[in-house]
Structures are given as C-alpha cells and as structure tokens.
> 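Encoded as structure tokens, here's the structure I'll be asking about.
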Amino acid sequence: MSSSTTFSGSREPNQHRRVQSKPGFLERLSETAGGAVMGIILCLVSCYLLFTNEGQSLKTATSLREGLAEVVSLDKPLSVDGVNNNRLVHLSAQLQTSQPLHDPNYNVVVHAVKLRRQVEMYQWVEQQQSNDVVENGETKTETTYSYNTEWKSELVNSRNFDKEIGHENPSAMAVESATVVAPEVKVGPFTLSKGLVEQIDDFHALSLKDLSALNLDSFLTIHDDYFYHTENPRRPEVGDVRVSFSFAGLSGDTSYLGPAQTVSVVAKQRGGQLIPYKTRSGDALEILYEEDLSAGEVFERELQYNSKKTWGLRLLGWFLMFLGIQLAMRIIYTLVDWIPLLRELVSVGLTIFSLCISSSLSFLIIGFGWLFYRPLVAVALGALAMVPVFLARCRLPAKKHQ
C-alpha cells in the first residue's frame, strides 16, 4: 500500500514543503529485510578488507626494509652510469620537460609536468530537510525542499528535483574539464616512468595576474583568477561557465612562477629510464616525493604512510562491520517501533550489541591475518577479542544476585 502525499507551499519563492504519511508496518518490514541482506554483504566485505589489509601491510613493510638495505644514492648525476643498471637507485634533482604545456582555448602556457583546466557552471542545487509532524493524530514526515544557485564542477541533473519547473539546469557544459600531461618528464639524465609521473600531483592555482597580456575572445572576462563565459561575472545566470587553471611540477625557468620543482625518486635504473623495482617480497618500489629528501628520509616516510594506511583500513573495516551488524539487526527494531519506550531501549541495546560484536570480530579477523606472520601477536589479539565476552560474563552473577 502506497503512502499518501500532500503538497504545501512556502513563503520563500524557491522553497516548498511536502508532507507524506509514514510507510505501513509491512512496508517497513520489507525495507529492513532488504537492509539485512545489505548488512550481511557489508560484513563479508569487512572480513575481506580486514584480513587482506594485514597481509599487505606486512608485505609492504618488508619490501621497504629490503629496499632501504639495497638502495644506491646518486649524487647529482649528469649522465647515465651503466654500473647501477637494474639496481634500486635514489636521486634528487629538478624536473625537466622538453616543451611547455599549452591550452589553446585560453592562451595559457605553463612550463610544468601537468596543467589542469577546471570548469564550473552556475546551476540550481536542491536541498531537503525532513522531520516528523503530527496531523490529526497521525505521525507524518514533512520534507522541506529549497533551491539555491551555486558554482558546481559537475552537472546537476534537475530532472531528479522534486520541483523541476523554474529550476532547470543545462544538460551539458560548454567547456569540459581536462588535464594535460607532458609526454616526457626527466629528473637529471633519467626519464620517469608513467607511474612516477602520476605521483606528481601537488597542484597549485595559476594566478592569471602573473601571466602576460592575453588575447581574449570577446565573450571571455577575467575576474578573481577565473575566465568567465559571461559579460558580468558578479551577476552570473544559470548556465554561465567559469574556468580556472592549476599546475603541478614546474619544470622550466619560469620566472613568474618560480624555479623548477626538485623531486626525490627511488626506482629501478634501466638504461636511461627509472621504472618499478620488484622486491623479493613481491612488491614494486616506485616512489617520488616533491621535495629534496635523502634515501633514508624517503623510506622513513613510506613506512609511516604504510602504518597510517594500515590503521585507516582497520578502522574502515571495523566501521563496515559495525554498520553491517546494525543493518542486519534493524529488523528487531522495526518489530517494536510502535511502542515508544520499548523502541528506545531496543535501539540503545542494538547499538551496544553491534559495537561489542563488531569489535570482537574485527580483532579476531586481524589476528587471523597476522597468524601466518606473527603467531604471538595473533594470540594476543585473540585474547583481546575475548575481553568484551569476559566482562559480560562477569556481570551476569551480579545481576542474578540482585
């Protein structure tokens, strides 16, 4: 049975309200059943993530220690030395590209590794806020829809709006965002691999004031480092477009932007190229930092990043487990949500239950992940996972005595 909907206006011209009856018991039960299936899927994804994360973390740490023991530092090489061919090398030098990057549509020229064109369009954006209201003794959901105009880098489909009339957005942008990459990038005498070039991603906004006079088309206006496709940038209309530019990896003697970027690279030397280095542990070392670092500093940062990544994925895995159990148990809440007091008690109880079970299961799965590499740590994690169960059993006699 579908729920009824009523429409109400608003004093604001770009705002309206819609009141909708809450779905019936069978409809809510069907929704929670679908949520239970999704919860089980999330729990399985969490188990896979937690288990594989431990193995990958140990594998990466082992590869980094192996690389640190074998790396050879090159002191400002001017030419390729065949003695270090097929070895893991480290060097710090300035980026070099053969020619500047050019955007012909806006006459922007920058001597850098990457040039990014970011396009935004002035569009309608829908926002909604819901709350429960009581009408004639029946609890209903009141949703307030409001519409504002904003600069957005992605297309907003106005067909999905609750009220499209008067809030239509264009279906396409007049100009597309794009990133241009230099075809060949060098550090000293060596050419960087594609993977190393991809790591040059520290973009800086390009100030249009620093550029020389541009021959602009009549429909373009410059304001606050943006190219506006409108005559009046201060009063844009829906459909107007603005364009900004940013760059990464200065690679030439560009006086108004500064000197060429110095980078530190750790990779395998093969002739005049720097490519991934395969370690005995199975990982590939291909590292680039956009600053002047020694080999030891590069590996120290990589080990720190690996540790942070490991803990981040652990927390993500635990959260997915917690969310999955919450969804799977939601059906119990639906069965009693018509009793206000019992509904609140069950909600708190299910949250505590999900928290305890997700924590215990996460510790156990992490322990299994370490089992093949660190047996003693696995045993310690297994014992830690049993702490919530032990505390719960210790509380039982006290409750029975009361």
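This structure is a prediction, so every number in the text was calculated from the model and none was measured.
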> Where the side chain of K114 meets the backbone of V197, is there a donor-acceptor pair that is under 3.5 Å apart?
yes
> So, the side chain of D225 versus the backbone of L208: is there a donor-acceptor pair under 3.5 Å, distance only?
yes
> On the 0 to 90° scale, with breaks at 30° and 60°, tag the W151-Y122 ring pair as parallel, tilted or perpendicular.
tilted
> Side chain of Q123, backbone of E154: donor and acceptor closer than 3.5 Å?
yes
> Might you work through the side chain to side chain contact (heavy atoms under 4.5 Å, CB included) test for V110 and D103, ending with a clear yes or no?
CA-CA 9 Å; V110 177; D103 190 309; over 6 Å; no
> A side-chain contact here means heavy atoms from C-beta on lying under 4.5 Å apart; do F299 and V71 qualify?
yes
> Can you tell me if D202 uses its side chain to pair, donor with acceptor, with the backbone of A248 under 3.5 Å?
no
> Test Y277 against every option in E70, R87, K268 by the side-chain hydrogen bond (donor to acceptor under 3.5 Å, both in side chains) rule and name the one that passes.
E70
> Determine, step by step, whether V80 and Q269 satisfy the side chain to side chain contact (heavy atoms under 4.5 Å, CB included) criterion, reporting the C-alpha distance in whole Å, the side-chain angles of both residues, the deciding distance to 0.1 Å, and the verdict.
CA-CA 9 Å; V80 177; Q269 176 183 331; 3.7 Å; yes
> Are S354 and Q326 linked by a side-chain donor-acceptor pair shorter than 3.5 Å?
yes
> Report yes if some heavy atom in the side chain of S362 is under 4.5 Å from a heavy atom in the side chain of L50; otherwise report no.
yes
> Just by distance, do the side chain of T97 and the backbone of V185 share a donor-acceptor pair under 3.5 Å?
no
> Check whether the side chains of T62 and S281 place a donor and an acceptor atom closer than 3.5 Å, and report yes or no.
no
> State whether the side chain of T52 and the backbone N or O of Y48 hold a donor-acceptor pair below 3.5 Å, judged by distance alone.
yes
> Show your working on side chain to side chain contact (heavy atoms under 4.5 Å, CB included) between L95 and L192 and close with a plain yes or no.
CA-CA 10 Å; L95 292 170; L192 298 183; 4.2 Å; yes
> When you measure from the side chain of S264 to the backbone N and O of L293, does any donor-acceptor pair fall under 3.5 Å?
yes
> Could you check whether D292 and T262, counting side-chain N and O atoms only, form a donor-acceptor pair closer than 3.5 Å?
no
> Are any non-hydrogen side-chain atoms of S153 and Q118 less than 4.5 angstrom apart?
yes
> Do you see a donor-acceptor pair shorter than 3.5 Å between the side chains of S46 and W318?
no
> Going through the checks in order, is the side chain to side chain contact (heavy atoms under 4.5 Å, CB included) test met by R117 and V108?
CA-CA 10 Å; R117 180 177 66 199; V108 172; over 6 Å; no
> Going by heavy atoms in the side chains, are V263 and Q199 under 4.5 Å from each other?
no
> Does T230 use its side chain to pair, donor to acceptor, with the backbone of P236 at less than 3.5 Å?
no
> Would you say the side chain of L313 lies within less than 4.5 Å of the side chain of L49, judging by non-hydrogen atoms?
yes
> Is there a donor-acceptor pair closer than 3.5 Å between any side-chain N or O of E290 and the backbone N or O of D201?
yes
> Are L42 and F322 side-chain neighbours, meaning at least one heavy-atom pair lies under 4.5 Å?
no
> Restricting to salt bridge (Lys or Arg N to Asp or Glu O under 4.0 Å), what partner residues turn up for R301, sequence neighbours left out?
E291
> Heavy atoms, side chains only, cut-off 4.5 Å: are C43 and M321 in contact?
yes
> For Y289 and E302, test the side chains for any donor-to-acceptor distance below 3.5 angstrom and give the result as yes or no.
yes
> Measure from the side-chain N and O atoms of N148 to the backbone N and O of V125, and report whether any donor-acceptor pair falls under 3.5 Å.
no
> Tell me whether the centres of the aromatic rings in F161 and H167 are closer together than 6.0 Å.
no
> Within the structure provided, determine whether L74 and D81 are in side-chain contact (heavy-atom separation under 4.5 Å).
no
> Kindly assign one of parallel, tilted or perpendicular to the pair H229 and Y106, based on the angle between their ring planes and the thresholds 30° and 60°.
perpendicular
> Salt-bridged, K163 to E126, with N to O below 4.0 Å?
no
